[in-house]
Amino acid sequence: MPILFLLGAKTGLLVQWTGWSHEGYNILHRHVGRVVCTAAVLHVFFYSLACPIEVMVHVTTIFVALLAVIGFFLILISSIAPLRAKTYELFLLLHVYGVVAILPLLYFHFERVRPYVITSAVIFLWDRVNRFRNSQHVIAHTTILSGNTVKLSLNVNSTTREIHWKTGQYVYVSISSLAKQQAHPFTIASPPNPNSLDLIIRARKGFSKSLFLSETPEHKVTFHGPYGSPPTFEGCDRVILLAGGAGISYTYPEAIELSSSTGHYAAANPEVDFLWVVPSRDFSSWVDLKEDYNVDFKVWVTAEQGRPDIKKYVKDSIIAAGPGARVAVAVCGPAPLVRDSRNACSEMLWEGNNVVFYSENFGW
């Protein structure tokens, strides 16, 4: 249990000790969670072979454990990837409030587990306190975009401290007037600047749909972050940036940062190959694709050009970088786009090319 909570914390000791970001060890949190939940269910199953359920429910210390296992089971089921994707808000509620309910139930179940429960509770509370201390309250404005999408622009001039972020990082956003007690993660879609932190949000259901349909262009927003340890492309001769739809949230600010004459990569000055795949031409209005950024923003419109051959595009771009060139491929978008670009990199690595691959995923 303490390991599960330690791996699930977005702030706190593990982040400070290792320097890793939460999403870096989130996969370990999921595996440990499956072990804990499965072990709890099996514990009740085998115990019921010796002590019937009808007897268990009349013994207080066992009954509270049964309630805790029901909580574990619900969290386990809601964490299955397809269900989590379809009912993310339910998953979020079960994860937070289920844990709050489970810990005291386990505390009263068996005296020997109390040190582990207390340790888990301390880790959980410490993480929540850190998030609260890191939270900022700002006014944000919405801009309706094509494709059932909304841009949320946070005025970071009004924060109590300066907000600094790197391209590829993300924040958790909460708007209580639309969805109480919910914080949703979104990749920061604007390059680092002192004025506005922009988020591009596709309307699906729940919070994102409520934000898109809201008739109020101004909202009081609470956010905490930024989080994430995005890769650096130092030493790369060429960086290939691929995006599909809302994946532009990652690749657009990265392209500007890479090409900036005053930014982090000013001395290296890597060549940027940028491709954004969109269903229709009006999607290109989401971001400012002006020539001042010294980036050749290529927009592929599937309604006009059909689906691009991503594997061929990536391979051709790697070959064009020249023999011995170090090439980075960074992609953010639908699963087929990520899969094809990853396979292309794998094949080029097999042929002896110097290639690194990075994919930005929305998976929690």
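Quantities reported herein were computed from a predicted structural model and do not represent experimental measurements.
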Quiz prompt | No-hydrogen, no-angle side-chain donor-acceptor test under 3.5 Å, T167 and E254 | solution = yes
Quiz item: Are any of the side-chain nitrogens in K166 or E257 under 4.0 Å away from the carboxylate oxygens of its partner?
Solution: no
Quiz prompt | ring-ring contact (aromatic ring centres under 6.0 Å, His included), paired with Y250, selected from Y358, F186, W276 | solution = Y358
Quiz prompt | Distance-only polar pair, side chains of H137 and T222, donor-acceptor under 3.5 Å | solution = yes
Quiz item: Looking only at heavy atoms, what is the nearest atom pair of P2 and S120, with distance?
Solution: N-OG, 3.3 Å
Exercise. Decide if atom CD of Q305 counts as having more than 12 heavy atoms of other residues, nucleotides or ligands within a radius under 6.0 Å.
Key: yes
Quiz item: Which distance, rounded to the nearest 0.5 Å, do you find between the CD1 of I318 and the CE of M348?
Solution: 5.0 Å
Self-check item: Validation row: L105, H109 side chains within 4.5 angstrom (heavy atoms)
Solution: no
Self-check item: Side-chain heavy atoms of V221 within contact of I139, under 4.5 Å
Solution: no
Quiz item: Are F73 and I62 connected in the hydrophobic side-chain network, where two residues link if heavy atoms are under 4.5 Å apart?
Solution: yes
Exercise. Verify the cluster assignment for V122 and V99: are they in a single hydrophobic cluster under the rule of side-chain heavy atoms below 4.5 Å apart?
Key: yes
Exercise. Taking N354 for its side chain and A325 for its backbone only, find out whether a donor-acceptor pair lies under 3.5 Å.
Key: no
Quiz item: Do you know which two heavy atoms are closest between K220 and I175, and how far apart they sit?
Solution: O-CG2, 3.8 Å
Quiz item: Would you say K312 has more than 12 foreign heavy atoms packed within less than 6.0 Å of its NZ?
Solution: no
Exercise. Measure up the Y252 and F297 rings against each other and bin them: parallel (under 30°), tilted (30 to 60°), perpendicular (over 60°).
Key: tilted
Quiz prompt | Minimum heavy-atom distance between G147 and F283, given as atom pair plus value | solution = CA-CZ, 3.6 Å
Practice problem: Kindly work out whether a path of hydrophobic side-chain contacts (I/L/V/M/F/W/Y, heavy atoms less than 4.5 Å apart) joins Y47 to V41. | Solution: yes
Exercise. Look only at the side chain of S346 and the backbone of R342, and say whether a donor-acceptor pair between them is shorter than 3.5 Å.
Key: no
Self-check item: Separation between CG of N134 and CZ of F223, rounded to the nearest 0.5 Å
Solution: 8.5 Å
Exercise. Examine distances only and state if a side-chain atom of N155 and a backbone atom of N157 form a donor-acceptor pair shorter than 3.5 Å.
Key: yes
Quiz item: Is the closest side-chain heavy-atom distance between L106 and M1 below 4.5 Å?
Solution: yes
Quiz prompt | R34 side, atom CZ; L4 side, atom CG - distance, nearest 0.5 Å | solution = 11.5 Å
Quiz prompt | Under 3.5 Å side-chain donor-acceptor pair for R339 and N343 | solution = no
Quiz item: Do the ring planes of Y172 and H224 sit parallel (below 30°), tilted (30 to 60°) or perpendicular (above 60°)?
Solution: parallel
Quiz item: Is the F63-F108 ring centre distance short of 6.0 angstrom?
Solution: no
Quiz item: Between S285 (side chain) and D282 (backbone), is there a donor-acceptor pair under 3.5 Å?
Solution: yes
Self-check item: Atom of I200, atom of S249 and distance for their closest heavy-atom approach
Solution: CB-OG, 3.5 Å
Quiz item: Which atom names give the shortest non-hydrogen contact between A40 and V69, and what distance separates them?
Solution: O-CG2, 3.8 Å
Quiz item: Just wondering, are more than 12 heavy atoms of other shown residues or ligands nearer than 6.0 Å to CD1 in I3?
Solution: no
Self-check item: L275 CG to I310 CD1 distance, which is reported to the nearest 0.5 Å
Solution: 5.5 Å
Quiz item: Heavy-atom distance under 4.5 Å between the side chains of D273 and R238, does that happen here?
Solution: yes
Exercise. Mark yes when over 12 heavy atoms from residues, nucleotides or ligands other than Y116 sit less than 6.0 Å from its OH; otherwise mark no.
Key: no
Quiz item: Are I102 and L42 grouped together when hydrophobic residues (ILVMFWY) are joined by side-chain heavy atoms under 4.5 angstrom apart?
Solution: no
Quiz item: Parallel, tilted or perpendicular: which fits the ring planes of Y227 and Y170, with parallel below 30° and perpendicular above 60°?
Solution: tilted
Quiz item: Short question: side chain of S214, backbone of S210 - any donor-acceptor pair under 3.5 Å?
Solution: no
Quiz item: Will you find, in the side chains of T187 and E360, an N or O donor that is under 3.5 Å from an N or O acceptor?
Solution: yes
Quiz item: Less than 4.5 Å apart, any side-chain heavy atom of F212 and any of I201?
Solution: no
Exercise. Give the cluster check for V287 versus V301: same hydrophobic cluster or not, with ILVMFWY residues linked at side-chain heavy-atom distances below 4.5 Å.
Key: yes
Self-check item: Heavy-atom closest contact (A183 atom, L92 atom, distance)
Solution: O-CD2, 3.7 Å
Quiz prompt | Under 3.5 Å: donor-acceptor pair, side chain of S190, backbone of D198 | solution = yes
Practice problem: Drop me the distance from L199's CG to S153's OG, to the nearest 0.5 angstrom. | Solution: 8.0 Å
Practice problem: Could you check if a side-chain atom of S284 sits within less than 4.5 angstrom of a side-chain atom of L289, using non-hydrogen atoms only? | Solution: yes
Self-check item: Beyond-backbone contact of I163 with Q136, side-chain heavy atoms, under 4.5 angstrom
Solution: yes
Self-check item: Beyond-backbone contact of L242 with Y313, side-chain heavy atoms, under 4.5 angstrom
Solution: yes
Quiz prompt | Flag, side chain of H219 to backbone of H141, donor-acceptor distance under 3.5 Å | solution = no
Self-check item: Over-ring placement of R114 relative to Y107, 6.0 Å and 45° cut-offs
Solution: yes
Quiz item: Is the NZ atom of K209 crowded by more than 12 outside heavy atoms at less than 6.0 Å?
Solution: no
Quiz item: In terms of side-chain heavy atoms, does R202 have a donor or acceptor partner in T149 at a distance below 3.5 Å?
Solution: yes
Quiz item: With distance as the sole test, does W300 use its side chain to make a donor-acceptor pair with the main-chain N or O of G306 at under 3.5 Å?
Solution: yes
Quiz item: Checking side-chain contact (heavy atoms from CB on, under 4.5 Å) for the pair F5/L125: CA distance, chi angles, key distance, verdict?
Solution: CA-CA 10 Å; F5 279 78; L125 290 173; over 6 Å; no
Practice problem: Look only at the side chain of W286 and the backbone of S146, and say whether a donor-acceptor pair between them is shorter than 3.5 Å. | Solution: yes
Practice problem: First locate atom CG of L93, then atom CG of L74, and finally report the distance between them rounded to the nearest 0.5 Å. | Solution: 12.5 Å
